[in-house]
Amino acid sequence: MQSDHKAVDMPAATEPYLRIWHTVKLIPVGRVASYGQIADLAGLPGRARMVGKALQAAPKHMQLPWHRVLRSNGHIAFPVGSETAEEQKGRLQSEDIVVLKYRVRLVDYQWQPDLAELLFGLAF
DNA sequence: GCCATGACTTATT
DNA sequence: TAATAAGCCATGG
C-alpha cells in the first residue's frame with residue numbers, strides 16, 4: 001500500500017506541468033508565444049526548458065496548441081525539415097500566421113495577454 | 001547519486 | 001550577425 005495520495009508513476013514535476021499546459025491553452029488562435037514567455041506566465045521564470053519538457057510530456061488527448069509556442073527569436077524549435085517542424089509550420093499557416101523559413105515575425109504575431117485575459121484563465 | 005541531454009534564454013564578446 | 005558561456009532543471013541511463 002502506498003503511504004501517500006500521489007499516483008505511483010506520476011512525474012515529480014506534475015504541478016508545474018499542469019500550470020504550463022494550462023497557460024499554453026490560453027494562447028489565442030493566430031497568435032504565438034515563446035517558451036520563456038509561457039514559463040513566465042505560468043509562474044516559472046527562467047524555466048523555458050521546462051516548458052519544452054512539459055509539452056513533450058503532454059498527453060495527446062489534451063489537444064494543446066503546442067504549435068503556437070516558438071523560440072524567443074520566433075524560430076520553430078524543431079530541426080528544419082523534420083516531420084514535426086513541417087507539421088508545426090502547417091498548423092501555424094492554417095491560422096493565417098506567416099511563416100518564412102520556419103520563422104515567425106514575433107513583432108507581428110506574439111501574444112500579449114492583458115490582465116483580464118489572464119484572470120479569466122485562472123477561472124479554469 | 002553522478003552525468004549527459006534537451007521542444008530554451010539571456011548576456012557577453 | 002554569429003559564436004560562447006552560463007543559468008535553468010526534469011528525465012533517463
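Because only heavy atoms are used, hydrogens play no part in the values below, and waters and symmetry mates are left out as well, while side chains stay in. Numbers restart at 1 for each chain; the letters A, B, ... are given by sequence-line order, proteins then strands. Just so you know, these numbers come straight off a predicted model, no measurement behind them.
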Rounded to whole angstroms, how far apart are [atom1] on [X] and [atom2] on [N]?
{"X": "A:Gln110", "N": "B:dT9", "atom1": "CD", "atom2": "P", "answer": "10 Å"}
{"X": "A:Arg71", "N": "B:dT10", "atom1": "CZ", "atom2": "P", "answer": "13 Å"}
{"X": "A:Tyr102", "N": "B:dA7", "atom1": "OH", "atom2": "P", "answer": "17 Å"}
{"X": "A:Glu86", "N": "B:dA7", "atom1": "CD", "atom2": "C1'", "answer": "16 Å"}

Next on the checklist: By the 4.0 Å heavy-atom rule, please label A:Thr84 as base, sugar-phosphate, or nothing.
Outcome noted: nothing
Using a 4.5 Å cut-off on heavy atoms from C-beta on, say whether the side chain of [Y] contacts that of [X].
{"X": "A:Val29", "Y": "A:Arg68", "result": "yes"}
{"X": "A:Lys89", "Y": "A:Ile76", "result": "yes"}
{"X": "A:Lys53", "Y": "A:Pro16", "result": "no"}

Checklist entry - Does A:Arg91 come within less than 4.0 Å of A:Glu87, counting only side-chain N to carboxylate O? => result yes
Checklist entry - Does any residue of residues 35-70 of chain A have a heavy atom under 4.0 Å from DNA chain C, and if so, which ones, in number order? => result A:Gly46, A:Arg47, A:Arg49, A:Met50, A:Lys53
Next on the checklist: I need the A:Leu26 CG to A:Leu118 CG distance, nearest 0.5 Å.
Outcome noted: 7.5 Å
Checklist entry - Roughly how far apart, to the nearest Å, are B:dG1 and C:dG13 at atom C1'? => result 12 Å
Item to check | Expected output: side-chain A:Gln88 to main-chain A:Val69 donor-acceptor under 3.5 Å | outcome: yes
Checklist entry - Among the nucleotides B:dA7, B:dT9, C:dT11, which one has an atom lying closest to any side-chain atom of A:Tyr17? => result C:dT11
